[in-house]
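What follows is a single structure, written as structure tokens, with notes after it.
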Amino acid sequence: MENSFSGKKVTVMGLGLFGGGVGVTRFLVRQGAHVTVTDLKSPSELSKSMEQVGAGLPRIKYGAAPTCFPVQYRLGEHREADFKDIDMLVVNPAVPKNSPFLQIARENNVPLETEMNIFFKLCPAPITGITGSNGKSTTTALLSNMLRSTGRKTWTGGNIGYSLLEHIEEIKPNDYVVLELSNFQLEDLSASGGPRLSPHIGIVTNISPNHLDRHPDMQDYINAKKGIFRHQKSTDYIILNYDDPELRNWAKECVGKVVWFSAKVETQNFASLRNQKLPGIHNTQNILAAATAANILGAKDTHIAEGLSSFKGLEHRLEFVSEIDGIHYYNDSKATTPEAAIAAINAFNAPIVLIAGGYDKGVSLDRFAEECVKRIKYVILIGKTAEKIASLIKEKKREGWHGQTCLSVAQSLEDAVEKARACANAGDVVLLSPACASYDMFVNYEDRGRQFKSLVARRPLPE
């Protein structure tokens, strides 16, 4: 791999609580770049991410504390100088597109990059990319498990939480590379000045309103998602969910070969579906999407079946927590959209006590409220959207939707779990499936899910 970073002055904008800037920072340091990391969060807030950057790298003193050489931290603020006299600005996807500091970089003719853009340019192996409003993490993990069953080296990364950029020199042309791709990453890949690349095989699980706190409207969100196929060639593939009305309209825009999957319409079936262990029609769709891609990539039915049968599921995705006093507790904290929560609700036949609510992403919660009235025994709401969802549920009841839903608002997740435990009976399901993001009360959805599991495990003392 040609090293075009050695000796270059690079600013990484956004280290992030999730470690989103960690991988690219470590990569740049190892390539010999002189890196400044700038983030509006404080050193104490970013301490874990800074530790990850420094693991195994040489250290030198910058100011009062030792840091990784040659990394300079500018935390708690941004300074104009860090966006002017530099060779490259690497932008975390979480950075708002209208940031004035991005404009400063553009006015000074500084090239803008992202970790994913750099990876796409350097990766020697064909890339399979998975996107969608819901189900992309499970589909990514399922496909990777199926491909590993073939015995070939399989690399999994992207928005699922693993940076592959640090391992770019280890990836061989014959390896499998599977990436979960967010709308923000796809938007950057297609942006003017970006690499204008799409994966060799693209998968779209579904499309529903999401991230409307960052996109001006639904069409802008959809356009970002279309980056999954926008720069494909005729020798590439795009795998689409026929059950999704929006995706049925995409085929006419695709240059690559369009392959459909469906859990409702009869299509090619794979042996692996006989071993399905994951609940819900949405997981049937995830399995079909993964199996379709695995088949295109050369996996046999036996590999697909083996990959599915050994799949343990992902943390925070309809994750079974425990059974206590006959009550089954499930952690679906990753359900940050109404559609994801509705899919989780419909995966169960048992009575459900639902814990929902959180940060408002600007999407409609109307259908979610309707589903709560029809399907949920007891709804316990938390976070900024609690009153909004409560009002919608009451409105649905007034409109005559049938159901016996009870409703309460909790002051904390701990309060919600205590309320759920008190009103659930043996045979019921207590489900954390928030339908909202986590940022109003938690670091991220993982923090929310782990707190839920800890609270479930903390059984009350007998009276």
Side-chain angles (χ1 to χ4, degrees), residues 1-39 46 48-58 68-71 73 86-95 111-131 136-137 140-141 144 153-182 184-191 193-200 227-228:
M1 182 188 74
E2 182 182 350
N3 185 353
S4 59
F5 303 97
S6 181
K8 298 293 177 65
K9 291 172 63 178
V10 181
T11 294
V12 175
M13 186 184 188
L15 184 59
L17 297 175
F18 309 157
V22 169
V24 70
T25 300
R26 289 174 59 84
F27 166 79
L28 290 166
V29 168
R30 288 200 165 110
Q31 295 297 310
H34 298 275
V35 183
T36 297
V37 175
T38 180
D39 197 300
L46 295 168
K48 289 185 179 178
S49 295
M50 292 168 70
E51 288 173 10
Q52 292 173 348
V53 170
L57 295 179
C68 307
F69 176 76
V71 177
Y73 288 104
I86 56 174
D87 298 301
M88 181 186 296
L89 174 63
V90 179
V91 186
N92 189 304
V95 173
L112 272 60
E113 284 286 8
T114 68
E115 176 179 332
M116 191 56 67
N117 286 8
I118 295 171
F119 182 82
F120 260 74
K121 290 177 182 178
L122 298 179
C123 183
I127 294 171
T128 299
I130 298 96
T131 197
K136 53 186 177 292
S137 295
T140 300
S144 298
K153 181 69 175 177
T154 302
W155 302 87
T156 308
N159 201 51
I160 201 168
Y162 315 111
S163 171
L164 294 183
L165 191 53
E166 279 194 90
H167 303 282
I168 194 71
E169 294 178 345
E170 303 169 51
I171 299 174
K172 308 302 180 191
N174 201 42
D175 292 349
Y176 291 127
V177 174
V178 183
L179 300 177
E180 178 187 327
L181 297 171
S182 72
F184 303 124
Q185 290 167 327
L186 290 167
E187 195 172 40
D188 290 328
L189 281 164
S190 292
R196 298 194 172 238
L197 295 171
S198 294
H200 168 54
I228 195 79

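The structure displayed is predicted, hence computed values, not measured ones. Excluded from the calculations below are hydrogen atoms, water molecules and symmetry mates; all remaining heavy atoms, backbone and side chain alike, are included. We're numbering straight along the sequence, starting at 1.
Qualifying side chain to side chain donor-acceptor pair (under 3.5 Å) partners for Asp87, counting only residues two or more places apart in sequence or in other chains: none.
The residues Glu113 and Lys121 are annotated as salt-bridged, a charged nitrogen and a carboxylate oxygen being separated by less than 4.0 angstrom.
To the nearest 0.5 Å, the span separating OG on Ser4 from CG on Leu122 amounts to 7.0 Å. The CG atom of Asn159 sits 6.5 Å away from atom NZ of Lys136, with the distance rounded to the nearest 0.5 Å. Taking CD of Glu187 as the reference point, atom OG1 of Thr114 lies at 11.0 Å (rounded to 0.5 Å). The CG atom of Asn92 sits 8.5 Å away from the CG atom of Leu15 when rounded to the nearest 0.5 Å. Annotation: the span from Tyr73 atom OH to Thr38 atom OG1 amounts to 12.0 Å, rounded to 0.5 Å. To the nearest 0.5 Å, atoms OG (Ser144) and CD (Glu180) are separated by 10.5 Å.
With a 4.5 Å cut-off on side-chain heavy atoms, Ile118 and Ile168 do not count as touching.
Here the options are Val37, Leu28, Thr11, Asn117, the test is side-chain contact (heavy atoms from CB on, under 4.5 Å), and the partner is Val90; only Leu28 passes. For the pairing with Ser163, the side chain to side chain donor-acceptor pair (under 3.5 Å) check across Arg26, Glu115, Gln52 returns one residue only, Glu115.
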Next item on the list: Show your reasoning for whether side chain to side chain contact (heavy atoms under 4.5 Å, CB included) applies to Val177 and Phe119.
Entry: CA-CA 11 Å; Val177 174; Phe119 182 82; 4.0 Å; yes
Check: Taking it one step at a time, do Phe120 and Leu181 satisfy side chain to side chain contact (heavy atoms under 4.5 Å, CB included)?
Finding: CA-CA 12 Å; Phe120 260 74; Leu181 297 171; 4.2 Å; yes
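Crowding of Lys48 atom NZ: a count of heavy atoms from other residues, nucleotides or ligands under 6.0 Å not exceeding 12.
For Glu166 against Phe27, the heavy-atom pair with the smallest separation is CG-N, 4.2 Å. Heavy-atom minimum distance, Gly158 versus Leu179: N-CD2, 3.8 Å. Pairing each heavy atom of Arg196 with each of Ala191, the nearest pair is NE-O, 3.9 Å. Closest non-hydrogen pair, Pro173 versus Pro126, comes out as O-CD, 3.5 Å. Taking each heavy atom of Gly21 and Val12 in turn, the nearest pair found is O-CG1, 4.4 Å.
The backbone N or O of Gly16 lies less than 3.5 Å from a partner atom in the side chain of Ser49, making a donor-acceptor pair.
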